[in-house]
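Here the structure is laid out as structure tokens; the discussion comes afterwards.
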Amino acid sequence: MEIIYHGHSSIQIIAGDKSLVIDPFLRGNELAVTKPEEIKTDVILLTHAHADHIMDADLIAKINDAPVVANPELAAYMSWKGVKTKGMNIGGTIDLGFAQAKMIQAFHSSGIVLEEEQRILYGGMPAGYIVKINGVNILHAGDTALFSDMKMIGERHAIDVAFIPIGDHYTMGVEDALQAAEWFKAKVVVPVHYNTFPVIRQEAESFVERLQASGQQGLVLKPGEKMSV
Ligand code: NI
Ligand code: MN
């Protein structure tokens, strides 16, 4: 099984001939090396409604005839774009056949800004996911601030790999992400949501060095790079 980092918060888990993509954002990301048309997947999971998480979801869903999993409000919005959806909510687990995805809390916002209409659509609650696949638990924290129930999540789930934001400004920065990593108790932590825009520039290598100094494994993936799990 392997996980490809597509840049920003976008990851793809590939197990045999099955694939799951979370938060595809490729056309809007200058650092991305993959085009949405190149992605083959069975399902797309969205953490929240912000453009830097959903931009390529409908295109990839249509090309692959793949459903989009999201909170009910975002699922409704995506269905209006003509894609199949599966709405769910925080605390629930969806059985995808080859994987199970539990939607977990994130502390963020989730509106869709309609610039021309000067209107904001409610995008439902922001979330993260724990994907269980082939006995491995992969956590995607979504966009989030640090919150103390991360400790509970880490105690109740044996997390093998955690993707957590470090970019600051819109999400946790490095200091809070280090605490989140400790609370999630992940065997390997991969930083995401940094360097895509100037305002979220971070030194991912030094984040990983600090993780390792406190006894946790970390891994920096460049957009397009993959890890084996
Ligand atoms: Ni966001
Ligand atoms: Mn974001």
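Just follow the structure's listing: the first ligand is 1, and inside any ligand the first atom is 1. The shown structure was predicted, so the numbers you read here are calculated from the model rather than taken from an experiment.
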Which of these passes side-chain hydrogen bond (donor to acceptor under 3.5 Å, both in side chains) with His193: Asp52, Thr144, Asp168?
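Exactly one pass, corresponding to Asp52.
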
Does Ser206 use its side chain to pair, donor to acceptor, with the backbone of Glu203 at less than 3.5 Å?
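Yes: the side chain of Ser206 pairs with the backbone of Glu203.
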
Is the backbone of His8 close enough, under 3.5 Å, to the side chain of Tyr5 for a donor and an acceptor to pair up by distance?
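Yes.
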
For side-chain contact (heavy atoms from CB on, under 4.5 Å), just list the numbers for Ser214 and Glu182, CA-CA rounded to whole Å, side-chain angles, deciding distance to a tenth of an Å, and then say yes or no.
CA-CA 9 Å; Ser214 59; Glu182 187 188 322; over 6 Å; no

Which of the N/O/S atoms in His108 sits closest to the Ni ion (ligand 1)?
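That would be atom NE2.
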
The Ni ion (ligand 1) reached by His53 (N, O or S, under 2.8 Å):
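No, His53 does not qualify, because none of its backbone or side-chain N, O or S atoms lies under 2.8 Å.
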
I'd like to know if the Ni ion (ligand 1) has an N/O/S atom from Asp143 within less than 2.8 Å of it, counting both backbone and side-chain atoms.
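Given the 2.8 Å cut-off, Asp143 counts as a ligand of the Ni ion (ligand 1).
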
Give the intermediate values and the outcome of side chain to side chain donor-acceptor pair (under 3.5 Å) for residues Asp23 and Thr47.
CA-CA 7 Å; Asp23 285 0; Thr47 61; 2.7 Å; yes

Over all atoms of both residues, closest heavy-atom pair of Gly97 and Asp95:
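Between these two residues, the closest heavy atoms are N-OD1, 2.9 Å.
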
Just the protein N/O/S atoms under 2.8 Å from the Mn ion (ligand 2), please, no waters.
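Atoms qualifying: Asp52 OD2, His53 NE2, Asp143 OD2, His193 NE2.
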
Taking the Ni ion (ligand 1) as the vertex, what is the angle from NE2 of His48 to ND1 of His50, given to 10 degrees?
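My answer is 90°, to the nearest 10°.
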
Tell me, yes or no, whether the heavy-atom count around Lys84 atom NZ, taken from other residues, nucleotides or ligands under 6.0 Å, exceeds 12.
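Yes, NZ of Lys84 has more than 12 neighbouring heavy atoms, counting only those of other groups under 6.0 Å.
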
Do Asp143 and His48 pass the side-chain contact (heavy atoms from CB on, under 4.5 Å) test, and can you show the C-alpha distance, the side-chain angles, and the key distance before you say yes or no?
CA-CA 8 Å; Asp143 278 6; His48 65 294; 3.2 Å; yes

